Amino acid sequence: MKLDNIPLNNKIIKVLKNLEIFELYPPQKEALPHVLKGKNMVLAIPTASGKSLIAYIGIVNKLLIAGGKALYIVPLKALAKEKYEELKSFEVLGLKIGISTGDLDDSDPRLFKYDIIVCTSEKADSLLRHGINWVEKVKVLVIDEIHLINDYERGPTLEIIISKFKALNENIQIIALSATIKNSKELSLWLKAKLIKSDWRPVPLREGVCLKNKITYDNGKTITINENGKKSLEILVKNSIKNNGQVLVFVNTRRSTMSVANNLSSIIDNIINKNEKRELIKIPISIKDSVNEINSIDKKLFNFIKKGVAFHHAGLSSNQRKTVEQCFKKRQIKCIVATPTLAAGVNIPAQCVIIRDLWRYELNYGMRPIPVLEYKQQAGRAGRPKYDVKGEAISIAKTTEQKDQIFDTYILGEPEPIFSKLGSKSALRMHLLSSIATNFVKTIDDIYDFFDSTFYAHQSDTQSLKYDINESLNFLNQNEFIEFKDNIYFATLFGKRTSSLYIDPLSALLLKNAFEKSKCEKPTPFSFINLVCSTPDVRSLYLRKQDFWIEEEAQQLKNEFLLKTPDISSEEYEWFLSDLKTSLLIFDWIEELTEDGIIAKYNVGPGDIHNIIEMVEWLLYASREFARIYSDEYLKILNELITRVHYGCKKELLNLVSLKGIGRIRARALFNENFKTINDLRKVPLERLSKVKTIGAGIAKNIKNQVGENKKKKNTEIYEFFK
DNA sequence: GTGGCAAAGTGTTATTTTCCCAAAT
DNA sequence: ATAACACTTTGCCAC
């Protein structure tokens with residue numbers, strides 16, 4: 001259907017044409033009239049078949065007619081960025097686009113001036129908890145990847161946001177985007193939405209299973225591949241690349257990503273030509289970020305990239321991930337070997353997808369088959385629009401039985417239905433508290449009514465839900481998060497802070513008890529690091545066989561624990577050690593152990609380090625807020641510690657690190673050459689400064705600008721007193 | 001029989017992942 | 001459950 005035949009605002013059509021969109025895909029065509037009428041929608045169609053565009057048009061159309069705001073909710077920060085950038089094209093229509101994710105420079109008041117706001121689900125929840133004053137202005141709510149309602153950790157949040165917005169704003173239009181799921185009908189009934197379901201794809205997908213040298217396709221055809229001494233995976237990759245394609249290989253461990261990349265590297269190296277190689281060699285140099293240390297993962301990655309292949313998993317830093325993804329999109333890298341993260345993230349299509357592992361290790365369960373939904377998401381990455389006529393998704397089987405099973409469950413099978421996880425204890429205590437703390441609900445009937453509107457109630461027996469709610473209310477009451485008077489529930493100061501700090505009530509309780517009851521005589525920075533690492537909000541590292549050294553550390557540090565240490569024979573002892581391991585990592589970080597040192601000592605990637613730092617920093621912040629209430633003698637040590645964790649440095653560098661463009665590395669270099677204070681930097685000549693290791697002329701100038709006499713000294717002087 | 005080296009066999013180890021705060025610019 | 005790696009044993013050849 002050509003764009004010109006669509007009853008749509010001309011201005012919008014013009015924007016679409018600028019985006020080189022001249023006609024709509026069939027599912028888009030089907031959905032559009034309903035969206036334009038302002039109806040609630042559930043779009044259950046494959047990824048990359050243009051779901052977001054329908055949401056964009058829906059939003060823009062509504063806002064141009066009725067004014068107000070729209071909220072676009074996504075599951076990942078990286079996706080928020082992607083959507084934000086796509087939506088920017090609509091700014092010419094006079095709509096302002098905003099993004100709000102944890103690590104971007106946006107605070108709540110600023111969001112008021114935006115018309116379309118992109119954020120993660122937790123951020124949206126957090127905004128609601130802080131009582132934003134523009135809730136009733138939200139006319140359109142888009143939920144991307146709504147099937148994540150099925151997720152134990154994050155699903156309940158999604159459900160709560162939807163239910164709250166529906167309660168606060170009766171006429172809100174909800175546009176839900178979903179992967180194909182079995183019970184999309186049920187979902188659409190809950191949302192009172194029009195359901196559009198389709199398997200249509202812009203590039204057709206052919207699925208197959210490879211057993212030994214034979215591939216059987218979903219249309220019944222078989223082909224045989226054979227080449228001396230090569231595994232079928234290697235032949236598949238080779239053939240695809242030779243035909244001008246690109247390949248994604250999915251495996252189930254990080255270690256495997258590297259070993260498979262290694263096996264493929266010489267093969268791919270042989271295919272690519274000299275020009276391509278020249279381009280590839282440039283890549284590493286162009287992304288070297290002089291603020292960060294070059295770590296061993298960088299080196300490994302660059303060695304592969306040189307040969308046109310890369311590995312990809314959550315242990316990579318965000319820079320490394322971005323480089324791999326972008327170079328693949330630019331078609332410089334021919335093959336990425338990845339863990340399932342890649343399938344859930346930003347859209348990275350390839351001509352051929354190879355799914356080597358359909359099993360995955362799960363704690364307490366051993367190896368289990370991955371959900372069909374996940375298989376479909378991985379397979380769905382096959383087929384690059386504009387480049388490929390057909391996408392190919394091949395799974396690897398080892399036996400005939402496996403082959404048949406893959407066909408039955410994955411290729412011909414239907415994705416699982418999704419189930420609400422709101423009934424879990426942790427979800428209930430978290431969301432009950434926040435609902436009470438924001439006065440969203442007051443009486444027990446309010447609470448029942450509200451939970452009655454959730455997907456959970458839509459799916460399950462409400463009687464048992466009432467029982468679970470009461471149990472959680474009792475827990476919150478007994479631990480002084482909430483009180484109950486004259487039939488009204490209200491939150492205590494402690495409860496309100498817990499809710500607005502966005503931490504698990506169990507974490508809050510742990511922190512509070514430590515502050516009020518700890519017998520630790522003289523808490524050190526380590527004490528507080530260990531405290532926050534013991535909360536359920538900080539996910540601890542795995543223990544391995546060679547980690548016995550941690551037990552010895554426990555002995556050394558025995559006087560610094562704020563919490564009681566469990567008995568060696570007790571069940572909690574393993575948890576304790578794994579929390580301790582995480583604490584020690586952070587302690588090494590603030591004692592300026594190099595990134596590579598940490599990577600080797602703890603067997604983690606730079607991405608893991610970054611994640612742990614973020615979690616610990618966030619909980620230290622929360623601890624400081626509780627310290628204000630319960631023990632302000634800890635304020636100073638906590639403030640200092642938060643900055644040290646942020647930068648990864650010793651106390652003596654706090655002055656220097658407060659300057660922009662100066663991280664732990666440069667600060668250390670300056671300090672070692674005896675520039676220890678802001679005043680030292682003010683006195684030194686520019687030329688001398690630019691001779692310091694890791695500091696060039698540009699940075700030196702930058703420093704001078706910041707410390708120059710006429711400039712404001714507010715920021716830079718804050719840490720002088722730590723000396 | 002012995003040294004040198006590659007292939008085959010045995011044993012050990014570890015196992016995927018995301019988001020949440022506030023304040024200032 | 002299984003891949004990946006480290007380590008040991010076996011097999012083979014030339015001398």
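Numbered from 1 within each chain, the chains take letters A, B, ... in sequence-line order. Owing to the predicted nature of the structure, the values given are computational and were not obtained by experimental measurement.
Note: CG (D144(A)) to P (dC19(B)) measures 14 Å, nearest angstrom. As a whole-Å value, the separation of L358(A) CG from dT2(C) C1' is 14 Å. Note: NZ (K231(A)) to P (dA3(C)) measures 10 Å, nearest angstrom.
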Expected output check: what is the dot-bracket annotation of DNA chain B, where ( ) and [ ] are pairs inside the strand (brackets for crossing ones), | is paired with another strand, and pairs are Watson-Crick or G-U under 3.5 Å?
|||||||||||||||..........
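In this structure, the ring-ring contact (aromatic ring centres under 6.0 Å, His included) partners of F515(A), at least two apart in sequence or on a different chain, are Y634(A). The ring-ring contact (aromatic ring centres under 6.0 Å, His included) check on H313(A) picks up F311(A), with sequence neighbours excluded. By the salt bridge (Lys or Arg N to Asp or Glu O under 4.0 Å) test, R429(A) pairs with D504(A), sequence neighbours left out. With sequence neighbours excluded, the residues satisfying side chain to side chain contact (heavy atoms under 4.5 Å, CB included) with T253(A) are R255(A), S256(A).
No contact: R497(A) has no heavy atom under 4.0 Å from any strand. Using a 4.0 Å heavy-atom distance criterion, W618(A) is classed as a base contact. As judged by a 4.0 angstrom heavy-atom cut-off over every strand, R321(A) is placed among residues touching the sugar-phosphate backbone only. Counting non-hydrogen atoms under 4.0 angstrom, K398(A) reaches the backbone sugars and phosphates but no base. Using a 4.0 Å heavy-atom cutoff across all strands shown, R539(A) reaches at least one base atom of the nucleic acid. Looking at heavy-atom distances under 4.0 Å, A314(A) makes contact with sugar-phosphate atoms alone, never a base. Using a 4.0 Å heavy-atom cutoff across all strands shown, T157(A) reaches no nucleic acid atom at all. Here N252(A) lies in heavy-atom contact (under 4.0 Å) with sugar-phosphate atoms only.
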Going 5' to 3' along nucleotides 7-13 of chain B, which nucleotides have protein heavy atoms under 4.0 Å from the base (write B), which only from the sugar-phosphate (write S), and which from neither (write -)?
-------
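Between dT18(B) and dA1(C), the distance separating the two C1' atoms is 26 Å to the nearest Å.
Place L501(A) and N603(A) on DNA chain B by their nearest nucleotides, and N603(A) ends up nearer the 5' end.
Inspection of the Y502(A) and D125(A) side chains reveals an N or O donor paired with an N or O acceptor under 3.5 Å.
dC20(B) has no stacking from Y502(A) on its base ring, since the centres under 5.5 angstrom apart and planes within 30 degrees of parallel are not both found.
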